[in-house]
Student: 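Dropping the structure in here first, questions after.
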Amino acid sequence: MVTITFTNSKSGKEEIFEPINPQNVRLYVCGPTVYDRAHLGNARPVVVFDILYRLLQHVFGKQNVSYARNITDIDDKIIERAGIENVAIDVLTRTTHRWFRDDMAELGVDYRDDPRFFEPRATEYIDEMLRMITGLIAQGHAYEAERHVLFSVESYSDYGCFSGRSVEDMIAGSRVEVAPYKKNPMDFVLWKPSADDQPGWESPWGFGRPGWHIECSAMSHALLGESFDIHGGGADLKFPHHENEIAQSKCFSPNSDFARYWLHNEMLQVDGKKMAKSVGNFFTVRDLLDQSIPGEVIRFVLMSTHYRKPMDWTQKKIRDARTILRKWHDMTMDVSAGTPPHAIVEALASDLNTAAALAELHRLASEGDVQGLKSGADFLGLLQSGSDGWLNADPENVDSRLVEKVEYWINRRAAARADKNYSRADEIRANLASIGIMITDSPNGTTWEQDLEHEHLGNWEMLE
RNA sequence: GGUGAGUUGGCGGAGUGGUUACGCAGCGGAUUGCAAAUCCGUGUACACCGGUUCGAAUCCGGUACUCACCUCCA
């Protein structure tokens, strides 16, 4: 049996992973709020925890691991967006959810046929949330005020322990807005009133909707039980979201552990800066796919940095990943995947060291172990498809007139080469290269492809 | 102001108290009409200042810099 270790955010230390029940290993990860296309930052935890899920399945057996990743489909951002676009909330969330699933599938994260994967939508668990809120009020951890229900942070002495903050510090240094009905400025909303034109549900406290944090407590409780093994999410969720989740769940089920191991992935940056619309470096996964960057390349880049380190997204990484994957695809074209090499599993078992796992693939490649390479890559969700899809220009996307033009020039060049007129042959090759058409000679003839990042791509006028 | 993460060779990026990470790029060579690809070989490193140690890039303390989070509230 492989020993798995994780850095547990709860303790800040690397710990040996021991599941509550090896026959029922349970993982919960905070999923997206569905109001827009997933941006690249959203993709990082999805890929990181996909790797974790694969590892757990490998070590404990596929049927013994459950994974729940929620869909937040009730949220003020959703209400706002639906208003702006004048669409029904339900239409917005279902469409966005579908986009999310499709985009993530491109990155090799696809659980469509997996009975142990759960993707609960918050609005399907309102009853569970109401039950939990009622329980928290009954136990004195929450109170009603002006149609809101608030969690009382003073009722939970460990509040702040998880994220390493004291209630005093948070109030002292910062911009906590004090609502008049709050007993303590840090108290957070479990339930809030909805206007008639806002989505809502009947509750003991009037027509309203849940606060953000309660949904994850309710869904993990319903699907995985009051104690489960691993809770994951982005580092930005540590506070307040996860702190609040812990407070709610531990107060509701005082004898539970809630989540025993917490894993947080660090944030993604773009060219050294936070990805933000205001900085102008904001883009979605779909944007990248539309630029003909294969999902596999995106996945590779995301895996090349350890999950607990900030990752910087750059063009160079995309280029490098392309080069490497192209090579590996070529090497493993006719190989089918088998059991992953032990060293790959070991690398992941060591606090999800994906970069070390990729290094191991490099080692296998340089040793010519194509079977090991294919098997290891397959385990990591790479080299899934044949190389035809993206190594060469996709025939469906290439204009037949372009093919004709390129072939015309290739034939001219072949004639020149046959005449040993090499300066003419080189001139043709240089001309094609200047508009982004790269050609390569091989014993079987001349092949070509487009450099999709080339600035003069397809600019045939330049050849005249 | 509080909290956390980070700082490794041209670039990316692991790891470890004493031994080459690895990849990309570069350089030299083989091969090719020439390129490309491939193969062989090769250089460069651990932010700064102290401390612990026979020995630290790896442990401890401090400094600098970078990044993130610290609002659910109209």
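As a basis for the values below, the full set of heavy atoms in this structure was taken, side chains included, without hydrogen atoms, waters or symmetry mates. Letters A, B, ... mirror the listed sequences (proteins, then strands); counts begin at 1.
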Student: Partners of A:T284 by side-chain hydrogen bond (donor to acceptor under 3.5 Å, both in side chains), sequence neighbours excluded?
Tutor: A:D287
Student: So, using side-chain hydrogen bond (donor to acceptor under 3.5 Å, both in side chains) as the criterion, who are the partners of A:S157 when residues are at least two apart?
Tutor: none
Student: Among pairs that include at least one residue of residues 349-369 of chain A, which meet ring pair (Phe, Tyr, Trp, His ring centres under 6.0 Å), considering only residues two or more places apart or in two chains?
Tutor: A:W328-A:H362
Student: Please list residues of residues 126-133 of chain A whose heavy atoms come under 4.0 Å from any atom in RNA chain B, ordered by number; otherwise none.
Tutor: none
Student: So what's the dot-bracket for RNA chain B: Watson-Crick or G-U pairs under 3.5 Å, [ ] if a pair crosses, | if it pairs off-strand?
Tutor: (((((((..(((.....[...))).(((((.......)))))....(((((..]....))))))))))))....
Student: Mind checking salt bridge (Lys or Arg N to Asp or Glu O under 4.0 Å) for A:D378 and listing every partner two or more places apart, or none if nothing turns up?
Tutor: none
Student: Taking only residues at least two apart or on different chains, which pairs with a member in residues 184-206 of chain A satisfy salt bridge (Lys or Arg N to Asp or Glu O under 4.0 Å)?
Tutor: A:D76-A:K192
Student: Do any pairs count as a salt bridge (Lys or Arg N to Asp or Glu O under 4.0 Å) and have a residue in residues 341-357 of chain A, sequence neighbours left out, and if so which ones?
Tutor: A:R308-A:D351
Student: Quick one, which residues of residues 187-202 of chain A touch RNA chain B with a heavy atom under 4.0 Å?
Tutor: A:V189, A:K192
Student: Could you note down all residue pairs passing salt bridge (Lys or Arg N to Asp or Glu O under 4.0 Å) where residues 122-134 of chain A supplies at least one of them, sequence neighbours left out?
Tutor: A:E128-A:R131
Student: To the side chain of A:P310, which of B:A5, B:A14, B:C22 is closest?
Tutor: B:A5
Student: Within residues 39-56 of chain A, find the residues that approach RNA chain B with a heavy atom at under 4.0 Å, and present them sorted by residue number.
Tutor: none
Student: Using a cut-off of 4.0 Å between protein heavy atoms and nucleotide atoms, how would you tag nucleotides 33-38 of chain B 5' to 3' with B, S and -?
Tutor: BBBB-S
